[in-house]
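Below, chains carry the letters A, B, ... as their sequence lines are ordered, and counting in each starts from 1.
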Amino acid sequence: MTKVMIGLSGGVDSAVAAYLLKKQGYEVVGGFMRNWDAIANGDFLGNPTLNDSCCPQEKDYEDAKEVAKKLGIELLRIDFIKEYWDYVFSYFLEEYNKGRTPNPDIFCNKYIKFDAFLKFARDQGCDFIATGHYAKRVDKEDGVVELHKAYDLNKDQTYFLSQINNEQIASCLFPLGDIDKPKVREIAKELNLNVADKKDSTGVCFIGERNFKEFLKNYIPANKGKIIDINSNEVVGEHDGVMYYTIGQRKGLGIGGISGREPRSWFVCYKDVKNNILYVADEKEDEHLFSDRAIIKNINWLAERTNDPLHVGCKFRYRQQDNGVTLKFIDDDTIELIFDEPYKAVTTGQAAVFYMGTRMLGGGIIEEIYYKGKRIDIKK
RNA sequence: UGGGGUAUAGCCAAGCGGUAAGGCAUCAGAUUUUGAUUCUGACAUCUCCCUGGUUCGAACCCAGGUACCCCAG
């Protein structure tokens, strides 16, 4: 009998995924990962649950235990706190310190859920791991395994899986690939699962929904500086540290009305890390927010390598529509992207993920961005 | 201590005798397994710098203060 270890998070998605696997005839065992320890990791500022008698992760664990009991599967608990810090969080901090905006969850998948956890599962004698991600595994006749967008395009999470390789994909099952979220909730209700109505979790995985700036302050000290209007060069406000902001951001700038000017919303369009200056524009469609070309590094390519330019769909952030781009390999680890038209707020450190139809071809990390021939992510 | 101007929520700013527009910011909620974006809602009620006065009624009129700004010195 094929043995599968499902990552049970204590949420509704993985619970239903576990049920579906069982129904399909697999021998299923659950694995609950714990990757963040607020006390050990010095996570105090802005931590709303620090003083709670039971931290939310323990609540999730209790939920997962109840699900496992109900489904009649064994549940193992694994700590990856050190691995998460070493492979995901230290990278995350490095990126922020460079003034970029990383996506930790993509690296959490690459190094924790689809690597450390996979190894653990293998040691436990499992043939596959499975998760509650919304993504579809497609097995071709020739043995090739492809990863496609989920049937529920609204919940599709292939963006977060863009750094896992073919070998990892081949070792993983995604039971939710062909059903949508409402159906998942429905199944959970039919099974009378305790988590049937549990709210979807958001925020950085394992850390959760938080005041992000306060969270970062635990690791990146505040450093006040000027906010400058990129168009007029006037000082229009003061920030707490350029690291806390990201390109395209509107909230949290604290810029009020300015005498003699029409009151408008301001958007971050450039971060001068060296001089600790935040550049903003007061127009939603300001030219400084756009770019038309990018260099992508850390390429994880799942399809056949091509030297010819390829026109594909590209997401520069989660839940964004596919943007048309022409992709060209510079070398194995570098891709140049020419955009069909200028796109807004493409941000270094974020992932660019490529699609051909529903198939995810791979992805990489946005390294440099250009507009009209000029590099705009560094040096104004 | 000559002249002129302005004082309305955190910031801009309407209002010109009839019972405080709007925007920005902020906060809350929705959306969201990154950071953002987006959407919805809340947000001056011993109140309009202070003290008096006129009036049925004043942020708006009058008088006297106070603060700041500008031009002359």
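- Aromatic rings from A/Phe89 and A/Tyr219 are positioned such that their centres are separated by under 6.0 Å.
- Map A/Lys199 and A/Arg250 each onto its nearest nucleotide of RNA chain B; the residue landing nearer the 5' end is A/Lys199.
- B/rU26 sits 25 Å from B/rU34 when the C1' atoms are compared, rounded to a whole Å.
- Between A/Tyr244 atom OH and B/rU34 atom C1' there is a gap of 18 Å when expressed in whole angstrom units.
- Ion pair A/Lys183/A/Asp178 not flagged as a salt bridge, since none of the NZ, NE, NH1 or NH2 atoms sits closer than 4.0 Å to an Asp/Glu carboxylate oxygen.
- The same atom, C1', is picked in B/rC11 and in B/rU45; the two are 22 Å apart, to the nearest Å.
- Put simply, CZ on A/Phe212 is 6 Å from P on B/rG35, counting in whole angstrom units.
- Salt-bridge check for A/Glu66 with A/Lys69: failed, with every basic side-chain N at 4.0 Å or more from each acidic carboxylate O.
- The distance between the ring centers of A/Phe160 and A/Tyr318 falls below 6.0 angstrom.
- Straight-line distance between the P atoms of B/rG3 and B/rG65: roughly 13 Å, to the nearest whole Å.
- Note on A/Tyr96: only backbone sugar-phosphate atoms sit closer than 4.0 angstrom, heavy atoms only; bases stay farther off.
- Using a 4.0 Å cut-off between a side-chain N of Lys or Arg and a carboxylate O of Asp or Glu, A/Arg77 and A/Glu58 qualify as a salt bridge.
- A cation-pi arrangement, defined by a distance under 6.0 Å to the six-membered ring centre and an angle within 45 degrees of its axis, is absent between A/Arg34 and A/Tyr61.
- Between A/Phe339 and A/Phe316, a ring centre-to-centre spacing shorter than 6.0 Å is recorded.
- Comparing B/rU32, B/rU34, B/rU38 by their closest approach to the side chain of A/Lys284 singles out B/rU38.
- Comparing B/rU34, B/rC24, B/rU26 against the side chain of A/Lys251 picks out B/rU26 as the nearest.
- When heavy atoms are screened at a 4.0 angstrom cut-off, A/Phe267 is found touching the sugar-phosphate backbone but no base atom.
- Nearest-nucleotide positions on RNA chain B for A/Gly257 and A/Tyr245 put A/Gly257 closer to the 5' end.
- Using P as the reference atom, B/rC27 and B/rG10 are 15 Å apart when rounded to the nearest Å.
- For A/Arg264 against B/rG23, a side-chain-to-base donor-acceptor contact under 3.5 Å is absent.
- In this structure, A/Tyr91 has its ring center at least 6.0 angstrom away from the ring center of A/Tyr87.
- Within the 4.0 angstrom heavy-atom criterion, base atoms lie near A/Arg317.
- Counting any heavy atom pair closer than 4.0 Å across all strands shown, A/Lys213 reaches no nucleic acid atom.
- If you take atom C1' in B/rU6 and the same atom in B/rG15, they sit 16 Å apart, rounded to whole Å.
- Spacing between atom OH of A/Tyr318 and atom P of B/rA36 amounts to 16 Å, rounded to whole angstrom units.
- The side chain of A/Thr246 approaches B/rG35 more closely than any other nucleotide in the set B/rG35, B/rU34, B/rC12.
- Ring-centre distance between A/Phe290 and A/Tyr371: not below the 6.0 Å cut-off.
- Rounded to the nearest Å, the gap between the C1' atom of B/rC50 and that of B/rA14 is 24 Å.
- In this structure, A/Leu253 reaches the sugar-phosphate backbone alone: every heavy-atom distance under 4.0 Å involves primed, P, OP1 or OP2 atoms, never a base.
- Using P as the reference atom, B/rG23 and B/rU54 are 39 Å apart when rounded to the nearest Å.
- Residues of residues 336-352 of chain A having a heavy atom closer than 4.0 Å to RNA chain B, listed by number: A/Thr347, A/Gln350.
- Residue contacts for A/Gly11: at a heavy-atom cut-off of 4.0 Å it reaches no nucleic acid atom on any strand shown.
- Between A/Asp123 and A/Lys119 there is no salt bridge, since no side-chain N of the basic residue sits under 4.0 Å from a carboxylate O of the acidic one.
- Not counting sequence neighbours, the partners of A/Asp340 by the side-chain hydrogen bond (donor to acceptor under 3.5 Å, both in side chains) test are A/His311.
- Secondary-structure annotation of RNA chain B gives the stems B:2-7 with B:66-71, B:10-12 with B:22-24, B:26-30 with B:38-42, B:49-53 with B:61-65, with a stem taken as at least 3 successive Watson-Crick or G-U pairs whose two distances both fall under 3.5 Å.
- Using a 4.0 Å cut-off, no side-chain N or O of A/Thr101 falls inside it from OP1 or OP2 of B/rA36.
- Of the candidate nucleotides B/rU31, B/rG22, B/rU34, B/rU34 has the atom nearest to the side chain of A/Val204.
- B/rA13 atom P lies 17 Å from atom CD1 of A/Ile255, rounded to whole Å.
- A distance of about 15 Å separates the P atoms of B/rA25 and B/rC12, rounded to the whole Å.
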